[in-house]
Colleague: 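Got a structure for you, written out below as structure tokens; questions coming shortly.
Side chains are part of it too, since the values below use all heavy atoms of this structure and drop only hydrogens, waters and symmetry mates.
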2 protein chains.
Amino acid sequence: MSNSHDIRSVPTPAGFQVGVDAVIFTVDMSASRLLVLLGAASHQFVETATAASDAPNWHLPGTLVGASESPESAARSLLWKTTQTKNLYLEQLYTFGEPNRHSPQAGQGHGARYLSVSYLALLGGNQPQALTPVNQDCQLAWHIFSEVPTLTFDQNKIINYGYARLRNKLEYSPIAFQILPESFTLSYLYQFYTIVLGENFSDYSNFRSRLLKLGFLQDTGLKTSRGAGRPATLYRFDRAAFAPYKDKPLVFV
Amino acid sequence: MSNSHDIRSVPTPAGFQVGVDAVIFTVDMSASRLLVLLGAASHQFVETATAASDAPNWHLPGTLVGASESPESAARSLLWKTTQTKNLYLEQLYTFGEPNRHSPQAGQGHGARYLSVSYLALLGGNQPQALTPVNQDCQLAWHIFSEVPTLTFDQNKIINYGYARLRNKLEYSPIAFQILPESFTLSYLYQFYTIVLGENFSDYSNFRSRLLKLGFLQDTGLKTSRGAGRPATLYRFDRAAFAPYKDKPLVFV
DNA sequence: GCAAAAGTGTTGCACTTACACCCATGG
DNA sequence: CCATGGGTGTAAGTGCAACACTTTTGC
């Protein structure tokens, strides 16, 4: 197809603008809901063909990658700017770069080639409802995951891909303990899993015995009570005890 | 940190060169080995500080992404150019973009910002040893996976990540059937899995009953014989029968 | 005592593991 | 008739789902 014989050369090497988009989840324990952070572009920046209405044009929070930063550090600073929390789990999701994919970036980059590296983030924090996102030119708001509106371009696809990854990670790796409080009760943990994975992911008592049998939940000796009912034991995630399970297929379900 | 209040603006939006690197595996059934395709840069192009010796400077096959193509289509044309086969499985792996990561691209892009989207490929073909890679300016050769040399930059990390992903996909999804011949015997399938996953992944008879119980291997009624021994039944992967299992956690192990 | 929340125990079923064994073919 | 490769069967052990039950607290 190309008349070049050097596999390194291609038709027309292009200059790309590289951006990151983040699917940012948080679990609202008090309201039992999974939340996702979305931004609404100021109308002056909206370029979509279909955006004639006054309805906000929701999109994933994003930023361009600067000359001196990596995509991951760009994602981290985006998270810090939008949520002001450092208690989070972050992982790369997927890179999208169709030639005709529009840049969500305004003004500049119009017509320029754009590539988006997407990230999955899960925020912790003891009172998620207090995580009021920073409002700047671009309006940010937490949305209930099950009720996300239609987003620009292919971003609903990205958000669903992020959710699928979140579920997988929660089931097969201990990311929950990275963002949960230092000590927690088993029913708190169960509630957390239930909100993300859905009501019927497991029976409470089976969840309980499975996790305790794994042996990396350490009884702190402390108890906590919330009004009526038997006080609950506080557990701590024991990193050392978990180490042997690292990289092994482990099921929390 | 930045004095900008628009989360979309960053210190210095950079122009990137975007490339794809491919971890290309194939299973050599006759020699029972997992092979990976590597290229050796012509010496005129070598820029590594440590490359003073005459030893070939092995790297993953790669190419720049052109102005009118997506990273995936760039990866596909790279695969076609290097291996001349269309019987393959392809999936995106990870995007690397550290600021100080060198571009493996020669000449051009010296000092320019470079981003690499890596892909995992698994090639089929009935006689893998016939898959003589196309030799161009850049020498290409199949290497035994367990004996890969040290590659440039972080590419050994990428190749190992690719292998981990390959194992996972093989265990939890039916990618093998995408590249295996239309009909195959169960011992051929077992041998294929054994080469990739290692000797002790499963007992043959258990592998057998598990796969047959799943119900998407269809008996073609045909038999094949290789000299002595009982003739083997030829099976076909039944896509329709597999459909219900799609997206479900399925274990082949 | 009673409701609420936490925590324990039991039972049946399904699946995995590790083998031993039988079948069909070529020489 | 035996070596070779294909294919079947089974008994012990493991894990999990479902559900009933006991314990500890506040009121």
Side-chain angles (χ1 to χ4, degrees), chain A residues 29-30 32 170-172 180-181 183-195 197-237 244-245 248-253, chain B residues 29-32 170-172 180-181 183-195 197-236 244-245 248-253:
Chain A
M29 295 294 287
S30 51
S32 286
L170 222 54
E171 286 172 1
Y172 301 115
L180 253 50
S183 63
F184 45 83
T185 67
L186 280 173
S187 42
Y188 185 89
L189 186 61
Y190 179 69
Q191 203 193 140
F192 182 92
Y193 273 80
T194 302
I195 294 169
L197 301 177
E199 284 298 332
N200 307 316
F201 84 98
S202 173
D203 179 88
Y204 172 64
S205 89
N206 293 329
F207 174 82
R208 209 172 190 298
S209 23
R210 198 179 317 117
L211 247 69
L212 290 176
K213 201 190 313 177
L214 288 172
F216 46 72
L217 288 190
Q218 194 177 49
D219 189 334
T220 60
L222 301 171
K223 303 263 178 190
T224 182
S225 173
R226 38 173 177 147
R230 180 171 172 173
T233 307
L234 284 166
Y235 290 88
R236 176 176 28 233
F237 181 69
Y245 297 87
K248 280 176 191 161
L250 180 63
V251 181
F252 293 75
V253 175
Chain B
M29 295 294 288
S30 52
S32 285
L170 222 54
E171 285 172 0
Y172 301 115
L180 253 51
S183 62
F184 45 83
T185 67
L186 280 173
S187 41
Y188 184 89
L189 186 62
Y190 179 70
Q191 202 193 139
F192 181 92
Y193 272 81
T194 301
I195 294 170
L197 301 177
E199 284 298 332
N200 308 316
F201 84 98
S202 173
D203 179 88
Y204 173 64
S205 88
N206 293 330
F207 174 81
R208 210 172 191 298
S209 22
R210 197 178 318 115
L211 244 69
L212 290 176
K213 202 188 311 178
L214 288 173
F216 48 72
L217 288 191
Q218 193 176 49
D219 189 334
T220 60
L222 300 171
K223 303 265 179 189
T224 183
S225 174
R226 35 171 178 153
R230 181 171 172 173
T233 307
L234 284 166
Y235 290 88
R236 176 177 30 232
Y245 296 87
K248 280 177 191 160
L250 180 62
V251 182
F252 293 76
V253 174

Colleague: Taking N or O atoms only and anything under 3.5 Å, show me the protein contacts with nucleotides 14-21 of chain C, one pair per line.
Modeller:
residue, atom, partner, partner atom, Å
C/dA18, N7, B/N206, ND2, 2.9
C/dA18, N6, B/N206, OD1, 3.0
C/dC19, N4, B/D203, OD2, 3.4
C/dC19, N4, B/S205, OG, 2.4

Colleague: Mind checking side-chain hydrogen bond (donor to acceptor under 3.5 Å, both in side chains) for B/T194 and listing every partner two or more places apart, or none if nothing turns up?
Modeller: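 Applying side-chain hydrogen bond (donor to acceptor under 3.5 Å, both in side chains) to B/T194 gives none.
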Colleague: Quick one: list whatever passes ring pair (Phe, Tyr, Trp, His ring centres under 6.0 Å) with B/F192, sequence neighbours left out.
Modeller: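 Ring pair (Phe, Tyr, Trp, His ring centres under 6.0 Å) list for B/F192, sorted by chain: empty.
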Colleague: Could you check which residues of residues 220-230 of chain A get a heavy atom under 4.0 Å from DNA chain D? Sort them by number, please.
Modeller: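 DNA chain D contact set from residues 220-230 of chain A: A/G227, A/A228, A/G229, A/R230.
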Colleague: Could I get the full list of side-chain hydrogen bond (donor to acceptor under 3.5 Å, both in side chains) partners for A/D203, not counting sequence neighbours?
Modeller: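 By the side-chain hydrogen bond (donor to acceptor under 3.5 Å, both in side chains) rule, A/D203 matches A/S205.
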Colleague: Distance under 4.0 Å to a non-hydrogen atom of chain A counts as contact; along DNA chain D, which nucleotides mark the start and end?
Modeller: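 Listing 5' to 3', DNA chain D meets chain A from D/dA17 to D/dG26.
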Colleague: Got a sec, which residues hit ring pair (Phe, Tyr, Trp, His ring centres under 6.0 Å) with B/Y204, two or more places apart in sequence or on another chain?
Modeller: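 B/Y204 satisfies ring pair (Phe, Tyr, Trp, His ring centres under 6.0 Å) with B/Y190 once adjacent residues are dropped.
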Colleague: Sequence neighbours excluded, which residues qualify as side-chain hydrogen bond (donor to acceptor under 3.5 Å, both in side chains) partners of B/R210?
Modeller: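 So B/R210 forms a side-chain hydrogen bond (donor to acceptor under 3.5 Å, both in side chains) with B/S202.
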Colleague: Given side chains that start at C-beta, do those of A/T185 and A/L234 come closer than 4.5 Å, heavy atoms only?
Modeller: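 A/T185 reaches A/L234 side chain to side chain.
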Colleague: In a check of side-chain contact (heavy atoms from CB on, under 4.5 Å) between A/L189 and each of A/F237, A/F207, A/Y235, which one passes?
Modeller: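 Running side-chain contact (heavy atoms from CB on, under 4.5 Å) over A/F237, A/F207, A/Y235 with A/L189 returns exactly one hit, A/F207.
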Colleague: Which atom pairs, one a donor and one an acceptor, fall under 3.5 Å between side chains of residues 212-219 of chain B and the rest of the protein, sequence neighbours left out?
Modeller:
residue, atom, partner, partner atom, Å
B/Q218, OE1, B/R236, NE, 3.3
B/D219, OD1, B/G221, N, 2.7

Colleague: Could you tell me the separation between the CD atom of A/Q191 and the P atom of C/dA5, rounded to a whole number of Å?
Modeller: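 Taking CD of A/Q191 and P of C/dA5, I get 11 Å after rounding.
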Colleague: To the nearest Å, give me how far apart CZ (B/R208) and P (C/dC22) are.
Modeller: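 To the nearest whole Å, that distance equals 17 Å.
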Colleague: Calculate, to the nearest 0.5 Å, the distance between atoms CG and OH belonging to B/L211 and B/Y193 respectively.
Modeller: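 Spacing of CG (B/L211) from OH (B/Y193) equals 6.5 Å.
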Colleague: List in chain and number order the residues that pass side-chain contact (heavy atoms from CB on, under 4.5 Å) with A/S32, two or more places apart in sequence or in another chain; answer none if no residue qualifies.
Modeller: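 By the side-chain contact (heavy atoms from CB on, under 4.5 Å) rule, A/S32 matches A/Q191, A/I195.
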